[in-house]
Amino acid sequence: MENQVKKNHAIKKTVSVLTIGALAVGLAACGSSNDNNGGNSGGTNTAANTGSSTNAGGAATDSGKKVTITFQNIYPDATSPANKLLKELVAQYESEHPNIKIELDSLNTDQQKLKLKTQAGNKEIPDITIVNPAAQMKPYVDAKLLAPLNDMLDQNGLKDTFQKGLLDYYSFDGNTYALPDGNNIEVVYYNKDLFTQAGISDVPKTFDELIADVKALKAKGITPIAIGEKDTWTGSFLFMNILLRTNGGPGFLQDVLDGKKDFNDPAFTEAVDAFQELVQAGAFPEGATSIDANAGGNIFKTGKAAMFIIGSWETGNIDASSVAGKVGAFTFPTVNGKGDLNQFMLAPGSGFAISANSKHLQETKDFLNFFMTEFPKKKFELKDAVGVGQVVEGDFKAAGYSDLAINILDLFKNVSGGDLAFDNTMNPAVAQAHLSSIQNLFVQKVDSKQVAKEHQDAFAANK
Amino acid sequence: MSAIKKWIVYLLLAILVVTQLYPLLWLVLYSFKTNEEILGGSFFALPQNPRFANYTEAFEAGNYLRYLANSVIVTVVTMVCVIVLASMVAYAISRFRWKLAPVALIIFMLGLMIPMQATLLPLMTIFKGIPFLKNTLGMLILPYIAFQTPVAVFILSGFMKGIPHEIEESAFMDGASVYRIFRSIILPISVPPIMTVCILTFINIWNEYILAATFISKESLKTLPFGVNSFVSQYAVNYGNIGAFLVMGAIPVILIYFILSERITKGMVAGAVKG
Amino acid sequence: MNVLKVPKLTIAVFVLPCLLLYVSMVFVPILFSVYNSTFQWDGLSSVKEFVGLENYKNILLNDPYFWPAVRRTLMYAVFSMVEIPVCLLFAILINRYVRKGNTLVSIYFMPVILSVVIIGQLWKTIYNPLDMGGMINGVLHFLGMDSSMKAWLSSPKFAMYCLYIVSLWQYFGYHLLIQFTGVQNIPADIYEAARIDGAEGFKADRYITLPLIVPVFKISIVLAFIGSLQAFDLIMVMTGGGPAHATDVISTLMYNNTFMSNKYGYGSALAIVLVIICLVFTVLINTIFKRVENKVS
């Protein structure tokens, strides 16, 4: 095996040297400077040997000199609070450390994922990047691309600012590799006015009540549950909440991974059946599979849908929309009498990670330490602190947070456990199969045994 | 009879004008709408209170001027290189007598068939070996030229095949070199197809985002599509700003397009034959 | 056909600069893909397992989504090629009846200029369900045909056809531009000579325009074919390949395998299969056109 790897490496290197040769000639022929040829092949060898080098700016390693830290992130929208926070903290740090320059590479989520994968394939990830928790970041950890942050967490008491147990989702073999930008739970937001219109007096506590409410809303011409299922994670997130109930508690997927259960388990088929019951009752907007997640949420936020089952990160957006003030939140009901109302689908946020090959590892760690220490305070200031993964000091009510925000924060207090999303638990190939299998349920009725089989097959094929 | 035929044709053309031009109008309306109007709105709806803030936000938050400058540099350099390089190759493939001409054409055609996404990782590996390209627009321009030449070579060689041989032969008799024939006869009569190629190249590059997002990390080097996509964040999309940004991004394209397309006019070849 | 006999050096001067750049930026990456396609690799770990041609075998024999994607991809290609004669017809009509033909062609070209983000949004408002303001459903409702209303893009049966239509609409101007350039490029004195011989109007088209336009017609056919095999952005924006793979084509399948499922080797193999399909059909199209060219000239 090891031999094989080495051989591949050698071939790869040869191919890359050949390429560079061809390219150098090409450039020379184009009339570009060809005096770089020598330096060129030298550069190739170093890069191939050390497998490192990401950062530019021509900065040197010692801390007195000018250092550029590339900070790849997913907060591109300059009109959003997340971007404001980013820019303000960076500006503050740069003014306190004149020798440090933070280069922000802000991309939208999909593009960042694609870019990071491409960079990772070349072992060239930026100084700071963003990864998703648990199973989604594991390949990066296994490929030794991320630096352990244990030492940095101990500085300035940063570790203690995080909620208990949260860092576990970002830790492997005792090392923590990323620091989360949030920690959310899945809740059911509901529009009180629309509930009243449909004659619903209380929020549903059981799945049967939920179905009855869906039918009552539907009868009034109100879309019962908003969703944008073009982005397949939305439906999966909802489905997983049902599974969390039918399984009588968390850990179904973990049990599958550990070989204690498989997807043909009754808990799973029961969840599929319940989910289909929702679809058949007309719970979701027509054409849901071609609506993107954001447009789906907007159906709720414009007052056209009565419920929105999603992560608590939406609180701020809802408060900024036209239904602000009319919205409450409750926990997902029990299904067939199973499950615990205080267990939630957990959504630990995206995590900031540092490249193991960063040329300025220490400076980067120092900056991220500062960034994460200030993060909760800044979030609180920007009224964006619902779902922050760190302990926030301050009185939310006094600071003018909405009733909905307080409502959500109260739900947080009751959390007694839960599960992570499917793609945070299973490997990407199984997750993709799952996502499209669930999407299929939106457009046609499928025997739950068949759905279970699709899952089991994908799981077996991609172990 | 023929008058009726003429009017039927005009009617047909007019209908097409509506269907092909409406999107532009739609985009302009869109750019003045609020997010809620856009997502809930129907096909023909007008914005209730035109939201000019979309433009000011898009202009500032989207870093319009810097991105525009970068886009212009990248596009112009690429266009010029593509035209020069591809017309040379096209000329060689369509007019020179050499055995490998069809093979060369196939090799270039292969470039049309490659899904760009599949080249991201290898391209980055290649760039890793060229340190002086790092953090320059060259990381975009080089692959853009390479990816655009196949279409250009294909179209131009197709057109050049159709140029009457007498033109070159007489010039050859007069003792002109191949280079001179190429420069002062072939290029001038190929202006219409060259303009077409310019337009197609321009369009492809102006909106290109996948390569740009992957290879460019420095804010100061980013191009216009970054601006469009900057209004898409994880759990929210700023549609109105996107619309405004797209309008601002489309204006230069439309201007350049109309300027270029004016040069696609009849009779170039004929004129050259006579001259 | 090619007449100029020039020294090898001259050929090299004309071809090599472009070829070298092209080979290093486009061709070498394909070789990488060929190489990677023989591995089971997630795209980032240092462990790569050599599996020979197994990825190809799995694509052709075991992937339930591959052959339907091929069918949709080829349908896409057929639809877009059928459009070309229409474009040619319009190019001829515009050339004959419109004085400032350029401007009109430019107007028809506008949809190509717009970014696919906006095209997707626009057409969604056309295909949307009635309660989201969808135009088609609105018209059907107005006509009292409520039973025919549906969420077009979420229907596994119709979604793909909806996408074909958008492409046809968007690329009409693209091919019209190429055909128009071709029609414009036919020397005017040929028509003059024909007029003296009594051939005018459509008769002239039959004997002059059609034979002379064949090479340009071929350009459009090949570009339409290859272009539709690469169709990616529009599908991603409008349906993402869904619902449940109902609008997956080879390129979206490749993207999802490579970047979403982390099967880099498998995705590379799909990319190569796509290139091979393109190549085979391009050669086929070329052969057919050689025959046609010989016949008409």
Side-chain angles (χ1 to χ4, degrees), chain B residues 6 9 16-17 20-21 23-24 26-27 41-43 85-86 88-89 91-92 95-98 101 104 109 111-115 117-119 122-123 142-143 145-147 149 154-155 158-159 161-162 165 178 192-193 196 203 207 228 246 250 253 257-258 261-262 264-267 269-270 273, chain C residues 2-6 10-11 14-15 17-18 21-22 24-26 28-30 32-33 93 97 102 104-108 110-115 117-118 122 125-126 133 135 173 177-178 181 184-185 187-189 212 215-216 218-219 223 226 230 251 254-255 258 268 271 274-275 278-279 282:
Chain B
K6 206 168 161 181
V9 171
L16 274 174
V17 169
Q20 305 303 98
L21 212 51
L24 217 56
W26 185 83
L27 173 61
S42 73
F43 191 61
L85 292 174
M88 283 164 70
V89 173
Y91 184 53
R95 314 295 282 192
F96 293 172
R97 194 184 292 168
W98 51 307
M109 294 280 295
L112 279 171
M113 306 169 190
I114 294 163
Q117 302 87 12
T119 63
L123 267 181
L142 287 182
I145 297 173
F147 272 101
T149 39
F154 184 56
I155 294 183
F159 273 92
K161 268 203 176 109
H165 292 295
V178 193
T196 305
I203 300 298
N207 290 329
V228 175
L246 282 171
V253 190
Y257 176 74
F258 273 90
S261 70
E262 280 302 301
I264 309 173
T265 33
K266 205 178 179 81
V269 177
V273 175
Chain C
N2 295 0
V3 286
L4 287 187
K5 261 195 122 158
V6 293
T10 313
I11 297 178
F14 272 86
V15 176
C18 190
L21 178 70
Y22 167 79
S24 51
M25 289 282 138
V26 178
V28 170
I30 315 179
F32 264 91
S33 293
L93 288 176
Y97 290 111
N102 291 20
L104 197 59
V105 173
S106 307
I107 288 172
Y108 292 159
M110 284 303 136
V112 187
I113 289 178
L114 293 180
S115 134
V117 183
I118 214 72
L122 170 71
T125 67
I126 295 179
M135 187 194 74
L177 175 70
I178 295 176
T181 314
Q184 292 276 295
N185 221 30
D189 39 6
L212 286 176
V216 179
K218 186 180 89 177
I219 292 176
L223 287 181
I226 296 175
Q230 305 276 346
S251 57
M254 179 208 85
Y255 180 86
T258 314
S268 298
L274 183 59
V275 171
C278 282
L279 202 60
T282 308

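Residue numbers start from 1 in every chain, and the chains themselves are labelled A, B, ... in the order their sequence lines are given, proteins ahead of strands.
With a 4.5 Å cut-off on side-chain heavy atoms, Phe14(C) and Val178(B) count as touching. Contact of the Thr196(B) side chain with the Leu177(C) side chain is registered, since non-hydrogen atoms from C-beta on lie closer than 4.5 Å. Annotation: side chain of Tyr22(C) is not in contact with side chain of Ile145(B) (no heavy-atom distance under 4.5 Å). Within the 4.5 Å cutoff, the side chain of Pro23(B) has no heavy atoms near those of the Met110(C) side chain. Counting only heavy atoms from C-beta outward, the side chains of Gln184(C) and Pro192(B) never approach each other to under 4.5 Å. Proximity of Pro115(B) to Val275(C): side-chain heavy atoms (C-beta onward) are separated by under 4.5 Å at one or more points.
In this structure, CZ on Phe96(B) lies 14.0 Å from NZ on Lys5(C), to the nearest 0.5 angstrom. Separating the CD1 atom in Ile30(C) from the CE atom in Met113(B) is a distance of 9.5 Å, to the nearest 0.5 Å. A distance of 8.5 Å separates CE of Met109(B) from CG of Leu279(C), quoted to the nearest 0.5 Å. Expressed to the nearest 0.5 Å, how far CH2 of Trp26(B) lies from CG of Leu122(C) amounts to 5.0 Å. Taken from CG in Leu104(C) to CG in Leu16(B), the straight-line distance is 8.5 Å, to the nearest 0.5 Å.
Contacts of Ser251(C) with chain B are absent, with no heavy-atom separation under 4.5 Å from either backbone or side chain. Both the backbone and the side chain of Leu112(B) come within less than 4.5 Å of a heavy atom in chain C. Both the backbone and the side chain of Val26(C) come within contact range of chain B, each with at least one heavy atom under 4.5 Å from a heavy atom of that chain. Within the 4.5 angstrom heavy-atom criterion, atoms from both the backbone and the side chain of Val17(B) approach chain C. For Thr258(C), no part lies near chain B; criterion is any non-hydrogen pair under 4.5 Å. Contacts between Val216(C) and chain B at a heavy-atom distance below 4.5 Å involve the side chain alone, from C-beta outward. Interface remark: Tyr91(B) contributes side-chain atoms only to the contact with chain C (heavy atom separation under 4.5 Å). Both the backbone and the side chain of Ser106(C) come within contact range of chain B, each with at least one heavy atom under 4.5 Å from a heavy atom of that chain.
Between Asn102(C) and Ser261(B), the shortest heavy-atom distance links the atoms ND2-O, 2.8 Å. Here the shortest heavy-atom pairing between Asn207(B) and Ile113(C) reads ND2-O, 3.2 Å.
For the options Tyr257(B), Phe147(B), Phe154(B), heavy-atom pairs under 4.5 Å to chain C are most numerous at Tyr257(B). Between chain C and the options Ala250(B), Gly158(B), Ala104(B), Pro143(B), the largest number of non-hydrogen pairs under 4.5 Å is found for Pro143(B). The most heavy-atom pairs under 4.5 Å with chain C, out of Ile114(B), Thr119(B), Leu123(B), come from Ile114(B).
Here Tyr255(C) pairs with Phe232(C), Phe259(C) under the ring-ring contact (aromatic ring centres under 6.0 Å, His included) rule; sequence neighbours left out.
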